[in-house]
Amino acid sequence: MNARLNMFESQISGKVWRHIIAAGKALEGSSVPAATLELVKIRASQINGCGFCLDMHTKDATAAGESSVRLHLVAAWREAKVFTEPERAALALAEQGTRLADGGGVSDEVWENAAKHYDEEQLAALVAAIAVINAFNRGNAMIQQPAGDYQPGQFG
């Protein structure tokens, strides 16, 4: 299986993708725990059906020491006892930030809960992470980027 389009062969899309990649790398200096950022990326990718991003972020999370139990339960995080309250707040924000058309945006309740656990700089990082992963998800889903071959740290 091949992608419909190589986003790096086109001058304009290659330029755009390099900027999106750089935006994602800018988040590496955030004080939001790396594990939380991976969980957020995984949840958005599940919602958007992006196999490539799920492959990448579950493998990167595993390589960073994340447990298989937690990774398997991301899709059912509300019922799972393995996530902290701050992680739950970030996952709720990721869900509503990803499903904008379903409910009119992020509710005040979800935002206020996230703000209980994260300062303004961390909230900015979470919003940026959610926006960036959604951009990756949408692009990869449209071009049907194949999943399964990613190696942890491959693009690092």
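All values below were derived from every heavy atom in this structure, side-chain atoms included, with hydrogens, water molecules and symmetry-related copies excluded.
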Exercise. Taking only residues two or more places apart in sequence, or in another chain, which ones meet Arg18 in a salt bridge (Lys or Arg N to Asp or Glu O under 4.0 Å)?
Worked result: none

Problem set entry | Interatomic distance, Lys41 atom NZ to Asn137 atom CG [nearest 0.5 angstrom] | 11.0 Å

Exercise. Would one find more than 12 heavy atoms of other residues, nucleotides or ligands at under 6.0 Å from atom CG of Asp102?
Worked result: yes

Exercise. Below 4.5 Å, heavy atoms only, C-beta onward: do Glu79 and Leu73 meet side chain to side chain?
Worked result: no

Problem set entry | Separation between CZ of Phe136 and CH2 of Trp17, rounded to the nearest 0.5 Å | 6.0 Å

Seminar exercise, completed: Rounded to the nearest 0.5 Å, the CD atom of Glu112 sits from the OG atom of Ser107 at a distance of 8.5 Å

Exercise. If Ile, Leu, Val, Met, Phe, Trp and Tyr residues are connected whenever their side-chain heavy atoms lie under 4.5 Å apart, and connections chain through other members, are Leu123 and Ile130 in the same group?
Worked result: yes

Seminar exercise, completed: Of all heavy-atom pairs linking Ala61 and Ile42, the shortest is CB-CD1, 4.5 Å

Exercise. Will you find, in the side chains of Trp77 and Glu95, an N or O donor that is under 3.5 Å from an N or O acceptor?
Worked result: yes

Exercise. So if you build clusters from Ile, Leu, Val, Met, Phe, Trp, Tyr with side-chain heavy-atom gaps below 4.5 Å, do Met56 and Ile21 land together?
Worked result: no

Problem set entry | Sole candidate of Val74, Thr98, Leu93, Asn48 that passes side-chain contact (heavy atoms from CB on, under 4.5 Å) when paired with Arg43 | Val74

Exercise. Taking the side chain from Asp55 and the backbone from Gly51, do they hold a donor-acceptor pair closer than 3.5 Å?
Worked result: no

Exercise. Looking at CD1 of Ile20 and CE of Met7, how far apart are the two atoms once the value is rounded to the nearest 0.5 Å?
Worked result: 7.5 Å

Problem set entry | Joint cluster assignment, Val127 & Tyr118, ILVMFWY side-chain distance < 4.5 Å | yes

Exercise. Between Arg70 and Glu87, does a side chain to side chain contact (heavy atoms under 4.5 Å, CB included) hold up when you go through it step by step?
Worked result: CA-CA 11 Å; Arg70 284 171 41 96; Glu87 289 169 337; 2.7 Å; yes

Exercise. How long is the gap from CD on Glu38 to OG1 on Thr62, to the nearest 0.5 Å?
Worked result: 9.5 Å

For this session: Treating Ile, Leu, Val, Met, Phe, Trp and Tyr as nodes and any side-chain heavy-atom pair under 4.5 angstrom as an edge, say whether Ile47 and Val40 lie in one connected cluster.
Result: no

Problem set entry | Inter-residue atom distance Asn140.CG - Leu54.CG, 0.5 Å rounding | 10.5 Å

For this session: Give a yes or no on whether the backbone of Val32 and the side-chain of Thr36 come within a donor-acceptor separation of less than 3.5 Å.
Result: no

For this session: Please report the shortest heavy-atom distance between Ala89 and Asn113, naming the atom on each side.
Result: CB-ND2, 3.6 Å

Problem set entry | Nearest heavy atoms of Ala44 and Asn134, plus distance in Å | CB-ND2, 4.2 Å

Problem set entry | Any side-chain heavy-atom pair of Ile133 and Ser45 under 4.5 Å | yes

Exercise. Nearest heavy-atom pair of Lys59 and Gly148: which atoms, and what distance?
Worked result: NZ-O, 3.1 Å

Problem set entry | Residue pairs passing the ring-ring contact (aromatic ring centres under 6.0 Å, His included) test where at least one lies in residues 81-117, sequence neighbours excluded | none

Problem set entry | In one Ile/Leu/Val/Met/Phe/Trp/Tyr side-chain cluster, 4.5 Å: Val110, Leu37 | yes

Problem set entry | Set of residues satisfying salt bridge (Lys or Arg N to Asp or Glu O under 4.0 Å) with respect to Glu85, sequence neighbours excluded | Arg88

